[in-house]
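Comments concern the structure below.
The chain is numbered in sequence order, starting from 1. Read the numbers this way: they start at 1 and go in the same order the structure lists the ligands and their atoms. All values derive from a computational prediction rather than experimental measurement.
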Amino acid sequence: MTSVVADIGWLAGSGVPWSTEPGVLDSRRTDRSGWAPDGRPAAVVFPRTPADVQRVLELADHARTPVVPRGAGTALTGASTAGAGVVVLDLSRLNRIIAINPGDGTAVTEPGVITADLDRAAGEHGLRYAPDPASVEISTIGGNIATNAGGLRCAKYGVTRDSVLGLDVVLAGGRLISTGRATLKGVAGYDLTGLFVGSEGTLGVVVGATLRLRPLPLLTATVAASFASLADAADAAVALTAARVQPAVAELLDAATLAAIDAAQGTSLRAAGPALLIVQADGAGAAEEASLIAGVLGRTATTLRTTTSPDEATVLLAARRQALPSIERLGRPLIEDIAVPRSRLAEAIREIETIARRHGVPICTMAHAGDGNLHPIIVPDRSATEIPAPVRDAAADLFDLALRLGGTLTGEHGVGTLKRAWLGRELGPVQHDLQRQLKTLFDPHEILNPGKAL
Ligand SMILES: Cc1cc2nc3c(=O)[nH]c(=O)nc-3n(C[C@H](O)[C@H](O)[C@H](O)COP(=O)(O)OP(=O)(O)OC[C@H]3O[C@@H](n4cnc5c(N)ncnc54)[C@H](O)[C@@H]3O)c2cc1C
């Protein structure tokens with residue numbers, strides 16, 4: 001491991017708790033991508049207030065010390081990794097839900113709040129925080145905002161950006177700004193809130209958020225349908241739009257993913273068929289919508305089950321949320337995250353199958369069918385110590401496929417370090433350059449999460 005001696009003398013005078021204990025440093029070096037940078041971070045700082053964050057960013061900017069903001073470290077892209085010479089800004093102690101305002105349908109929180117905790121707190125007022133990444137129990141609001149996380153319910157409620165009304169952000173150098181507003185509408189000035197959402201900690205550090213809450217649905221109905229192939233299941237999901245229904249959830253899982261879940265969780269999902277589509281409708285008309293959904297899916301499904309039992313639905317969605325940890329038990333997977341126009345979902349799935357065959361690599365595929373977001377997960381042999389060439393080549397083909405079909409390199413996980421090489425191709429030189437200029441405007445000394453996202 002490289003050892004770079006960083007100037008962190010300024011930390012001693014900051015008044016903010018920090019640690020250089022090797023175990024603490026090592027636990028913040030990588031994220032769930034498993035990608036490890038060169039060396040070990042110089043220190044981990046634990047701010048307790050926005051003022052602590054201001055102090056750290058002021059001193060770090062002065063000393064030109066790189067700072068990596070960190071929520072829970074569940075990023076799948078290397079976005080929250082921290083190598084030699086870096087100070088990690090661990091935001092987990094900024095974890096208060098400051099207010100739930102039922103009348104306004106809003107919540108005000110600190111960034112270190114675990115997302116599911118906010119949703120549960122909103123539930124006590126008959127409300128919900130809608131964005132629910134599969135990592136909802138282990139990731140933070142700040143991390144979700146910085147990656148613009150998507151989730152299962154995004155088919156109806158949109159991604160994190162659609163629930164962020166305003167942000168408190170500490171800029172490089174330590175100034176604190178408040179963007180957006182506490183109202184549900186408002187268009188004064190440029191949309192800096194939207195700019196910070198998804199900026200992967202490269203433009204500023206989120207220390208507070210005003211978030212939109214939605215009514216907790218009166219009723220939820222779930223349809224689980226098996227199909228002879230994943231492409232058939234995708235076609236059926238797309239056909240739902242013609243039936244004028246708006247599913248809240250539409251999740252696709254292929255045979256390899258179902259087998260991995262069964263092996264890890266003791267379920268028997270694969271036995272029903274090689275592809276599973278889970279569709280959920282919510283709201284007062286959920287039962288009626290579910291019956292319309294069942295009518296459409298029933299045209300091509302091999303088995304079909306509808307339930308309004310919350311327990312049964314919870315079991316099905318919990319299985320979906322465990323898909324990634326279940327696949328991780330098979331080896332160290334390369335988790336991809338492309339999105340294509342929804343109408344091209346089945347085409348993308350067929351091409352992914354061809355890519356797997358061409359490179360001789362196993363690919364487990366799941367998808368948020370409602371928004372055309374696919375997760376082809378390449379699982380190299382367990383013995384591989386680094387990413388084997390066929391896996392790298394298959395990943396390159398997946399990115400190429402996404403762009404060719406008019407899609408994107410990342411639907412929700414972000415660019416991090418692992419997709420930077422491809423970003424220029426998606427953005428084009430003019431926009432890529434404009435985005436670099438924005439980075440320089442907000443962070444002239446490049447101290448915020450350098451080497452990530454752009
Ligand atoms: C099992 C599993 C399932 C997952 N499912 C999904 C899914 O369904 N949808 C999805 O979108 N993602 C998913 N992810 C990926 C990951 O959980 C999300 O990217 C999540 O938003 C990261 O949150 P975090 O708190 O762990 O952030 P971290 O990993 O700590 O950080 C992520 C990025 O945000 C920045 N950051 C963190 N906090 C702040 C802050 N306060 N201010 C500024 N920048 C900050 C970091 O610098 C980094 O760039 C999954 C991951 C796992 C392990």
Side-chain angles (χ1 to χ4, degrees), residues 27-28 30-35 44 47 50 53 57 66-82 86-95 109-116 131-154 159-161 164 167-172 196-209 249 251 264 317-318 320-329 333 335 337 339 366-368 371 373 375 377 410-418 442-443 448-454:
S27 65
R28 271 59 169 199
T30 187
D31 57 20
R32 278 291 280 268
S33 68
W35 181 80
V44 180
V53 176
L57 289 199
V67 174
V68 174
R70 186 177 178 100
T74 67
L76 297 168
T77 59
S80 40
T81 56
V86 164
V87 165
V88 176
L89 188 65
D90 183 319
L91 293 147
S92 58
R93 294 188 191 176
L94 277 166
N95 60 359
T109 80
E110 291 187 331
V113 170
I114 295 292
T115 308
D132 62 336
S135 56
V136 68
E137 294 284 356
I138 53 171
S139 63
T140 66
I141 288 291
N144 290 179
I145 290 170
T147 56
N148 191 15
L152 276 59
R153 301 195 287 239
C154 290
V159 292
T160 298
R161 176 174 286 124
V164 180
L167 292 174
D168 297 329
V169 180
V170 178
L171 302 175
F196 283 113
V197 177
S199 63
E200 301 189 34
T202 62
L203 298 181
V205 176
V206 174
V207 293
V249 170
E251 293 293 312
L317 291 189
R320 162 60 187 87
R321 288 186 205 284
Q322 287 307 312
L324 185 54
S326 303
I327 292 169
E328 281 174 332
R329 290 167 68 142
I335 300 149
D337 165 45
M366 52 186 152
H368 306 295
D371 34 37
N373 185 191
H375 296 307
I377 301 178
T410 169
E412 56 181 20
H413 295 166
V415 172
T417 51
L418 302 183
F442 281 92
D443 180 19
L448 283 174
N449 214 2
K452 314 280 177 58
L454 261 193

Close N or O approach ([X], ligand 1; < 3.5 Å):
X	value
Asn144	yes
Asn449	yes
Ile138	no
Asp31	no
Gly150	yes

Please check this pair: side chain of Asp132 against backbone of Arg153, looking for a donor-acceptor N/O pair closer than 3.5 Å.
yes
So, Thr147 side chain and His413 main chain: donor-acceptor pair closer than 3.5 Å or not?
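Not at all, since once roles are kept as given, no pair shorter than 3.5 Å links the two residues.
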Show the nearest heavy-atom pair for residues Glu110 and Ile141, with the distance to one decimal.
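Heavy-atom minimum between the residues: O-CB, 4.4 Å.
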Assess the side chains of Asn144 and Thr115: does a donor N or O sit below 3.5 Å from an acceptor N or O?
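There is such a pair (donor and acceptor under 3.5 Å, judged by atom type) between the side chains of Asn144 and Thr115.
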Under a 3.5 Å cutoff, is there a donor and acceptor pairing between the side chains of Thr202 and Asn449?
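On atom types as modelled, these side chains do not qualify, holding no pair under 3.5 Å.
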Nearest non-hydrogen contact with atom 25 (O) of ligand 1 belongs to which option: Thr140, Val67, Leu89?
Thr140
From the candidates Gly151, Ser80, Pro69, the one that places a heavy atom nearest atom 29 (O) of ligand 1:
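When every heavy atom of Gly151, Ser80, Pro69 is considered, Ser80 comes closest to atom 29 (O) of ligand 1.
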[atom] - nearest protein heavy atom and its distance:
atom	result
atom 8 (O) of ligand 1	Ala134 N, 2.8 Å
atom 2 (C) of ligand 1	Leu324 CD2, 3.7 Å
atom 36 (N) of ligand 1	Ala146 CB, 3.5 Å
atom 27 (O) of ligand 1	Gly143 CA, 3.4 Å
atom 41 (N) of ligand 1	Val206 O, 3.0 Å
atom 12 (N) of ligand 1	His413 CD2, 3.4 Å
atom 40 (C) of ligand 1	Leu91 CD1, 3.6 Å
atom 22 (C) of ligand 1	Thr74 OG1, 3.3 Å

Would Arg32 and Glu328 pass as an ion pair if we require N to O under 4.0 Å?
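Yes.
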Closer than 4.0 angstrom, basic N to acidic O: yes or no for Glu251 and Arg320?
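Yes, this pair counts.
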Just jot down the ligand 1 atoms closer than 4.0 angstrom to any heavy atom of Gly142, in number order.
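Those of ligand 1 that fall under 4.0 Å from Gly142 are 38 (N), 39 (C), 41 (N).
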